[in-house]
Asker: 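Next up is a structure, given as structure tokens.
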Amino acid sequence: MEVRDLHPWPDTPEEARAIQDRLRSLLDLDDPGPADPRTIAGLDVSYAGDGDDGAARLAAAVVVLDAASLEVVAESVVTGTAAFPYVPGLFAFRELPALIEALRRLAVEPDLLVCDGYGLAHPRRFGLACHLGVLTGLPSFGIAKTPFVGAYDQPGKARGSTGPLRDGEEVVGRALRTREGVKPVFVSVGHRIGLDAACRIALALTPEFRLPETTRRADRLSRDALAGALPS
DNA sequence: GCGACAG
DNA sequence: ATCTTGTCGC
């Protein structure tokens, strides 16, 4: 699929934060979301054990599922190196180039992107899901395994229960129970979709496990690619 | 100043 | 993210 050219790459955390502040104005937060997405892409990245020197080997994977059957309709994976050190709040810069390349090699254009991480639930309201949404123009949201910013109300124990995730007075996402009796995941919108649609889709993607099938498939694909790539 | 901090 | 044994459960 087509992805717009990457903005100038930041050399410092300060430059990276400036890019986030600039791109944030391009977000569409009014679109309620695709009424009925036919295909949904999951994105995830795995790392090799090269420590934290900022150049760890990685594999970025994208898996596109049919929204109704959850069967794989396309996939793409690329290996490379981390493009930035891990800094909370600048996490996107670590895996963005590899994920963009994997998206470009995808034979189809999905109707929606589901990222492993956050969207608006971010110190500057511009997490990975927002960044990928703006660069691709596609609707996107994030599902994270742990909270990052703000505080959340514990959702009820039943599958489908939610509790608001707030940063101060602002609701930036939702804690969503995808399996009864299991800790919740954290949903936040990225681009061109609302929280209601994002949570509804998140539930459709978790018929059996805590994490969405999109993330689980992409995780497996990226791990396999790392294992198969010859260490350099 | 100190702790917390998506993956 | 990744490093890791055993253990409980379907």
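Predicted, not measured: the structure shown is a model, and the values here were computed from it. Chain naming here is simple, since letters A, B, ... match the order of the sequence lines and numbering starts at 1 in each. Just so you know, these numbers use all the heavy atoms, side chains as well, and skip hydrogens, waters and symmetry mates.
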Asker: Students often get this wrong, so: under 4.0 angstrom with heavy atoms, is P123(A) touching a base, only sugar-phosphate, or nothing?
Answerer: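 It contacts nothing in the nucleic acid.
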Asker: Is there a side-chain contact between S46(A) and R223(A), using heavy atoms and a 4.5 Å cut-off?
Answerer: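 Yes, their side chains come closer than 4.5 Å.
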Asker: Considering only side-chain heavy atoms of D44(A), which listed nucleotide, dA6(B), dG7(B), dT2(C), is closest?
Answerer: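 Per side-chain heavy atoms of D44(A), the pick is dG7(B).
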Asker: May I ask you to evaluate whether T146(A) reaches the phosphate of dC5(B), defined as a side-chain N or O under 4.0 Å from OP1 or OP2?
Answerer: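 Indeed not, no polar side-chain atom of T146(A) lies that close.
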Asker: Would one find a side-chain N or O of Y86(A) under 4.0 angstrom from OP1 or OP2 of dA6(B)?
Answerer: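 Answer yes for this pair, as a side-chain N or O of Y86(A) is under 4.0 Å from OP1 or OP2.
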Asker: Rounded to whole angstrom units, what separation is found between the CD atom of E95(A) and the P atom of dA6(B)?
Answerer: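 Whole-Å distance recorded here is 13 Å.
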Asker: Whole angstroms only, please: what is the CZ-P distance between F93(A) and dA1(C)?
Answerer: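 Atom CZ in F93(A) sits about 20 Å away from atom P in dA1(C).
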Asker: Any side-chain heavy-atom pair from R4(A) and V134(A) closer than 4.5 angstrom?
Answerer: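 Contact flag for R4(A)/V134(A) side chains = yes.
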Asker: Between H131(A) and F93(A), how do the two ring planes meet: parallel, tilted or perpendicular, split at 30° and 60°?
Answerer: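 Because their plane-to-plane angle is over 60°, the rings of H131(A) and F93(A) count as perpendicular.
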Asker: Mind checking G89(A) for me? I need base, sugar-phosphate or nothing, with any heavy atom below 4.0 Å counting as a touch.
Answerer: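 It contacts base atoms.
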Asker: Check the geometry between F91(A) and dG7(B) and answer yes if their rings are stacked (centres below 5.5 Å, planes below 30°), otherwise no.
Answerer: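 No, aromatic ring not over the base.
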Asker: Only stems of 3 or more consecutive Watson-Crick or G-U pairs count here, both distances under 3.5 Å; name the ones for DNA chain C, or none.
Answerer: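 Result, WC/G-U stems under 3.5 Å: none.
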Asker: Heavy atoms, side chains only, cut-off 4.5 Å: are L90(A) and R17(A) in contact?
Answerer: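 Yes, close enough: below the 4.5 Å cut-off.
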Asker: Expressed in angstrom and rounded to an integer, what is the separation of F186(A) atom CZ from dG7(B) atom C1'?
Answerer: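 It is 15 Å, rounded to the nearest whole Å.
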Asker: So L43(A), base contact, sugar-phosphate only, or nothing? Heavy-atom distance under 4.0 Å.
Answerer: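 Since no nucleic acid heavy atom lies under 4.0 Å of L43(A), the category is nothing.
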Asker: Can you measure R124(A) atom CZ to dA6(B) atom C1' for me and round it to whole angstrom units?
Answerer: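 Result: 12 Å.
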Asker: Could you state the atom-to-atom distance from CZ of F84(A) to C1' of dG7(B) in whole Å?
Answerer: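 Checked: the CZ to C1' distance equals 15 Å.
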Asker: Counting C-beta onward and ignoring hydrogens, is there a side-chain heavy-atom pair between K145(A) and V185(A) closer than 4.5 Å?
Answerer: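 Side chain of K145(A) against side chain of V185(A), heavy atoms only: no contact under 4.5 Å found.
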Asker: Write down the distance between CG (L226(A)) and P (dC3(C)), rounded to a whole number of angstrom.
Answerer: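 Result: 10 Å.
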Asker: Looking at F209(A), is R216(A) sitting on its ring face, NZ or CZ under 6.0 Å from the six-membered ring centre and within 45 degrees of the normal?
Answerer: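 Judged by the rule (NZ or CZ under 6.0 Å from the ring centre, within 45° of its axis), R216(A) counts as positioned above F209(A).
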Asker: Does Y47(A) reach a base, just sugar-phosphate, or nothing at all? Heavy atoms under 4.0 Å.
Answerer: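 Contact class for Y47(A): sugar-phosphate only.
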Asker: Quick one, L112(A) and F141(A) - any side-chain contact, counting heavy atoms below 4.5 Å?
Answerer: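 Touching, per the 4.5 Å side-chain cut-off.
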Asker: Go through it in stages, so that I can follow the logic: the residues are E95(A) and Y47(A), the test is side-chain hydrogen bond (donor to acceptor under 3.5 Å, both in side chains), and I'd like the CA-CA distance, side-chain angles, deciding distance and then a yes or no.
Answerer: CA-CA 10 Å; E95(A) 12 191 88; Y47(A) 295 84; 2.7 Å; yes
Asker: What does L128(A) touch in the nucleic acid at a heavy-atom separation under 4.0 angstrom: a base, only the sugar-phosphate, or nothing?
Answerer: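 Base contact - L128(A) has a heavy atom under 4.0 Å of at least one base atom.
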Asker: Once you round it to whole Å, what is the distance between C1' of dC10(C) and CD of E180(A)?
Answerer: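 Value for this atom pair: 16 Å.
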Asker: Under 4.0 Å: is that the gap between some side-chain N or O of R94(A) and OP1 or OP2 of dA6(B)?
Answerer: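 Negative; the distance criterion is not met.
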Asker: Could you state the NE2-P distance from H131(A) to dA6(B), rounded to the nearest angstrom?
Answerer: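 After rounding, the gap between these two atoms is 19 Å.
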